[in-house]
Protein chains: 2
Amino acid sequence: MLETDRSRSATHQSYAVLRDRILNGELPGGTKIVEEKIASELGFSRTPIRESIRKLEYEGLIVNKRVVKPTEKDLRNNFQMRILLEGYAAQCAASFLPEKDLQALYECVEIGRKGTTEEIMDANERFHEIIVRASNNSVMIDTIDRMQSLIYLFRKTVVLNQRPHLIDEHEQIYEAIKARDGEKAADLMKRHLQADLDFCLHIIG
Amino acid sequence: MLETDRSRSATHQSYAVLRDRILNGELPGGTKIVEEKIASELGFSRTPIRESIRKLEYEGLIVNKRVVKPTEKDLRNNFQMRILLEGYAAQCAASFLPEKDLQALYECVEIGRKGTTEEIMDANERFHEIIVRASNNSVMIDTIDRMQSLIYLFRKTVVLNQRPHLIDEHEQIYEAIKARDGEKAADLMKRHLQADLDFCLHIIG
DNA sequence: TTTATTATTTTTGTATACATTTTTTATTAT
DNA sequence: ATAATAAAAAATGTATACAAAAATAATAAA
């Protein structure tokens, strides 16, 4: 259904719409966000709009009342965080990951080889999510969650060019986790993210 | 001056007051936070109070409309994050830290030995802050900033018992940074935070 | 007494109005 | 024409009112 979902709060609805409009480029970086304008556009009052804007500010999608225009530095900063957190998470995964999740991880690799672009993107996201959850650390999970939007925003420009070896790297990480080799899993994950960053930087540079 | 500061917004004022009341124990863990009650208490309307509450929720000081009661798990999660981020920051500091900051770092160590309890606490906080800033990564800096309140809340119970070797450890970290030994600085920082965590857990356990 | 069910009250969510601040535009002086 | 200032407009911050939802208390049935 495409009509607005009356079962959720106005705040939640407007947040979701705004967020999507930013992520899909409908509201490009630099766009001024004016409460009243958004409010009348979406058919809500300013009050819930205000709250969604605040939430988007916390996620870094809105800065100074404008849609963020992430810099190369932002990209580096976010990836450096991911390298630290997901590296650690991969190590945890090697120690703790239950069989069920291990299978799910492998499915992501398989879809990465055979799926449609859409499916591949989902699978990649899921691959990382499973590993992050293995950290069993809600602070980390929430932090990475908050960073997702910004990273996605950047990735859009990159995503159509499928990066070579991406799935191979995932498979290697999967193998290391399966073999319960924490050191190796962490190291591979860090290299994987670094390569991803380098690829992004190369494309936009 | 103790009277409310009219130069700042109601949102900012109420945020600061609420935050402090939570941190100093005036609003102990588990206390139900009711917008209307706080509003009339502080002499503002619900609108700005609502916003401050949201902000405190993002910081983790309010959960489900109640003042957070951090668990041992929360403590561990937060410290694990700090170990990763501040370990990395210490490494950066060894590479990049300007002379001026290096001196400031040493002053923190000195105050740690000679100062009053109040001064020591401030110096300890500053010591870590200088190193975190050396990461030159705003995402990291902001993340650690957001975690401070929760950590402080927990620390309150521990802070009166001065932990042995704390200042010695700071000095060692300072020395490693001064010697531009990134590996060592990171390693010492990680051990330092782990020791801090263990001490906290021991006290509350 | 305990458990369901229904009133009642409290609290939150949202709309609206107005006050304050910020931004833009117009005007004047250099 | 440029910079400084004043006037106007726009946008945000805050208060208040009411509607919806959630929590609590009261009542009835098992």
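Since the model is a prediction, treat every value here as computed from it, not as a measurement. Throughout, a chain's letter reflects where its sequence line sits, starting with A, and its residues are numbered from 1.
- Mapping A:Lys32 and B:Arg54 onto DNA chain C via the closest heavy atom, the residue that lands nearer the 5' end is B:Arg54.
- Checked against D:dA11, C:dA15, C:dT11, the side chain of A:Ser45 finds its nearest nucleotide in C:dA15.
- Rounded to whole Å, the distance from CD1 on A:Ile38 to C1' on D:dT12 is 14 Å.
- The residue among A:Arg66 and A:Ala10 whose nearest nucleotide of DNA chain C is located toward the 5' end is A:Ala10.
- When both distances must be under 3.5 Å, the Watson-Crick or G-U wobble mate of C:dT5 is D:dA26.
- Between A:His170 and A:Phe127, the two ring planes are parallel [angle under 30°; tilted spans 30° to 60°].
- In this structure D:dA10 sits in a base pair with C:dT21, meeting the Watson-Crick or G-U test at under 3.5 Å.
- Within 6.0 Å of atom CZ in A:Arg54, more than 12 heavy atoms from other residues, nucleotides or ligands are found, so the atom counts as buried in its surroundings.
- B:Ile33 comes within contact range of the sugar-phosphate backbone alone, with a heavy-atom separation under 4.0 Å but no base atom that close.
- Distances shown here put every side-chain N or O of A:Thr47 at or beyond 4.0 Å from the OP1 or OP2 atom of C:dG13.
- Phosphate proximity of C:dG13 to A:Thr11: absent, as no side-chain N or O sits under 4.0 Å from OP1 or OP2.
- Relative to the ring axis of B:Phe79, B:Arg82 places its NZ or CZ within 45° and under 6.0 Å from the centre.
- Nearest nucleotide to the A:Pro48 side chain, out of C:dA15, C:dG13, D:dT14: C:dA15.
- Atom CD1 of A:Ile49 and atom P of D:dT14 are 19 Å apart (whole Å).
- With C:dG13, C:dT12, D:dA15 as the candidates, the nucleotide lying closest to the side chain of B:Phe44 is D:dA15.
- The residues B:Arg126 and B:Glu119 are annotated as not salt-bridged, no charged nitrogen and carboxylate oxygen being separated by less than 4.0 angstrom.
- In the set D:dT14, C:dG13, D:dT12, C:dG13 carries the atom at the smallest distance from any side-chain atom of B:Arg50.
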